[in-house]
Amino acid sequence: MSITYTYKTDLLTKENIQQLFLSVEWESASHPNDLYNAIINSHSVATAWDSGRLIGLANAMSDGSMAVYFHYVLTDPDYQGQGVGKEIMKMMLEKYHDMHTKVLVSYPKAVGFYESLGFEPEETSTPMYVFTN
């Protein structure tokens with residue numbers, strides 16, 4: 001297994017992004033066009049590849065100065081527990097090292113993973129959403 005990591009987006013396609021999102025059973029995969037556009041138009045994207053197969057991805061939205069929000073962070077289940085997600089997030093945290101605020105919303109089962117990278121819950125705020133189909 002030879003995993004490579006990059007910020008390049010030229011190998012990303014609707015199909016390989018959708019396949020990765022399907023592998024973790026995220027609803028976003030049911031909107032392949034919107035998902036592709038969201039990823040490609042992100043401030044930055046870090047990806048992990050194994051022999052041409054997209055196996056991990058994190059994207060960031062940022063104002064370029066004060067804050068960055070990591071929206072999608074996912075690793076194909078076949079590669080979870082092998083340090084792929086951790087490497088992708090280390091790339092992103094290094095890239096945005098000087099940002100004053102780094103934000104993400106975690107599923108409960110992933111909280112420990114993000115805490116190991118230095119994230120901590122914000123006790124004085126609550127994530128809030130408006131979802132549109």
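We're numbering straight along the sequence, starting at 1.
Leu35 and Leu74 fall within a single hydrophobic cluster, where Ile, Leu, Val, Met, Phe, Trp and Tyr are joined by side-chain heavy atoms under 4.5 Å apart, directly or via other members. Cluster membership check: Val73 shares its hydrophobic cluster with Leu93, using side-chain heavy-atom separations under 4.5 Å among Ile, Leu, Val, Met, Phe, Trp and Tyr. No continuous path of ILVMFWY side-chain contacts below 4.5 Å connects Tyr36 to Tyr7, so the two sit in separate hydrophobic clusters. Both Met91 and Val68 are members of a single hydrophobic cluster when ILVMFWY side chains are connected at heavy-atom separations under 4.5 Å. The cluster map of Ile, Leu, Val, Met, Phe, Trp and Tyr, joined by side-chain heavy atoms under 4.5 Å apart, puts Ile39 and Ile55 in different clusters.
Thr13 contributes a side-chain N or O that, together with a main-chain N or O of Asn16, makes up a donor-acceptor pair within less than 3.5 Å. No donor-acceptor pair under 3.5 Å is formed between the side chain of Glu25 and the backbone N or O of Phe21. In this structure, the side chain of Glu87 does not engage the main chain of Tyr5 through any donor-acceptor pair within 3.5 Å. A donor-acceptor pair is defined here as one N or O able to donate and one able to accept, closer than 3.5 Å; such a pair exists between the side chain of Asp63 and the backbone of Met66.
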Determine, stepwise, if the pair Met61 / Tyr72 fulfils side-chain contact (heavy atoms from CB on, under 4.5 Å). CA-CA 10 Å; Met61 296 180 272; Tyr72 293 121; over 6 Å; no
Given the rule in the side-chain contact (heavy atoms from CB on, under 4.5 Å) test, do Lys14 and Asn33 qualify, once you have shown the distances and angles that lead to the verdict? CA-CA 7 Å; Lys14 254 188 285 192; Asn33 293 327; 2.7 Å; yes
Please step through side-chain contact (heavy atoms from CB on, under 4.5 Å) for the pair Leu20 and Trp26, ending with a clear verdict. CA-CA 9 Å; Leu20 178 61; Trp26 283 6; over 6 Å; no
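Distance check: His71 NE2 to Ser42 OG gives 9.0 Å after rounding to the nearest 0.5 Å.
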Just list the side-chain donor-acceptor pairs under 3.5 Å for residues 103-118, sequence neighbours left out, or say none.
from, atom 1, to, atom 2, distance (Å)
Ser106, OG, Val111, N, 3.4
Ser116, OG, Phe113, O, 2.5

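A cation-pi arrangement is not found for Lys102 relative to Tyr96, the charged atom failing to lie both closer than 6.0 Å to the ring centre and inside a 45° cone about the ring normal.
With hydrogens and angles left out, the side-chain atoms of Trp49 and Thr47 include a donor and acceptor closer than 3.5 Å. Neither side chain, Ser125 nor Glu122, offers a donor N or O lying under 3.5 Å from an acceptor on the other.
Within the 4.5 Å cutoff, the side chain of Thr75 has no heavy atoms near those of the Lys86 side chain.
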